[in-house]
Amino acid sequence: MTEFELIQRYFAAQSAPRADVALGVGDDTAVLRPPPGEELAVTTDTLIEGRHFPRDTAPGDVGWKALAVNLSDLAAMGAQPRWFVLALTLEPSRAHDAWLAAFAEGLARLAYETGVALVGGDTTRGALSITITALGTLPPGAALRRSGARVGDVVCVTGTLGDAALALRSASATAGDEYLRARLNRPAPRIEAGLALRGLANAAIDLSDGLAGDLRHILQASGVGAEIEIDTLPMSAAFARLHDPAERLRLQACGGDDYELCLCIPPDRLTQARTRLGALPLTEIGRIRGEPGLVWRDARGKPLNLDLHGYRHFGD
Ligand code: ADP
Ligand code: MG
């Protein structure tokens, strides 16, 4: 199979057709039609085997997740995802039908579910690595930035925290709980939530490296601090089966890969925010305050002496 046959067979028609694609896979570039007057939101993320996913991850899960992490970034900006390009580096041992078909199927499933179109890419030989660049659009000035948090805002998160980290931790120990494994391998980017909270949230970020690290990005960009009540961190029924409170906190605050949104919302907009989100839970976990830094408090309001941080790629 040549590179051209491979692209044709697995990637040329892997997504929903869109009227805003003038030219998709096959020419020197894609040609796209953003809605007149809107701003373009662009993001890119690479997944490396052994670093971003375990070596034994199913190829369909790799395909899904590579797209999901990019759509999650668009969601965190409140952008409407439209298109993506895929740079795929493969060892010859994986350029075979079983691996490619499963990878493309996982990728296409999420692309269809979210209505985004694969419009181009690049295919090369080497250690397995997947880079996706996703593009979306926004009305001018509507982006949910990290820098907009204000003193008094409620810090909220969508969904539940810690599931993906627990799945990763338990990967080799116990037969994996299906729900937790799906949270790790097939995260649902919170696109609808990001769109719904445009104009309501002052700041947003998606939780890819853990709450402790990602919330600090908002605090630094906004020049504020926050206090978080650890007992309010939302957990799933599957996660709640873990009984050790210290381990729960470690996974919920420092574990990554949940791809929920963390948002700062003025208190008087919280009811409207919840109404707009419908069935997706939005949990209040703390407040933005003027003093810089991140303070963790227990159920009685006592500050905890904790140095929690998120995942660091180049950290100590
Ligand atoms: P070029 O030599 O111009 O870089 P390529 O041979 O790399 O062209 O790609 C040919 C066409 O196939 C282009 O339209 C490119 O966007 C598309 N393409 C290449 N690899 C992929 C891929 N993995 N997924 C989707 N489209 C791809
Ligand atoms: Mg090329």
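Every number for a ligand or one of its atoms is a count from 1 in the order of the listing.
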Where ligand 1 meets [X] - atom numbers and elements under 4.0 angstrom, heavy-atom basis:
X: F11; value: 23 (N), 24 (N), 25 (C)
X: G120; value: 16 (O), 24 (N), 25 (C), 26 (N), 27 (C)
X: D27; value: 13 (C), 14 (O)
X: F4; value: 6 (O)
X: D122; value: 7 (O), 19 (C), 20 (N), 21 (C), 23 (N)

Given side chains that start at C-beta, do those of [X] and [Y] come closer than 4.5 Å, heavy atoms only?
X: I132; Y: L107; result: yes
X: V119; Y: F84; result: no
X: E260; Y: R183; result: yes

When you measure from atom 20 (N) of ligand 1 to each heavy atom in V119, L90, T89, T123, which option holds the nearest one?
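Residue with the shortest heavy-atom distance to the ligand atom: T123.
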Is there at least one pair of N or O atoms, one from G26 and one from ligand 1, spaced under 3.5 Å apart?
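Indeed, backbone or side chain, G26 has an N or O that close.
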Contacts of W99 that satisfy ring-ring contact (aromatic ring centres under 6.0 Å, His included) - sequence neighbours left out:
F103
Does even one non-hydrogen atom of Y10 get within less than 4.0 Å of ligand 1?
no
Give a yes or no on whether a salt bridge exists between E227 and R297, defined as a side-chain N under 4.0 angstrom from a carboxylate O.
yes
Tell me the contacting part of I7 for ligand 1: side chain, backbone, both, or neither, using a 4.0 Å heavy-atom threshold, strictly below.
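It is the side chain that gets close, since no backbone atom is under 4.0 Å.
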Quickly, which of T46, D45, T89 forms a side chain to side chain donor-acceptor pair (under 3.5 Å) with T131? Name it, please.
T46
Sequence neighbours excluded, the answer for side chain to side chain donor-acceptor pair (under 3.5 Å) partners of R33 is none
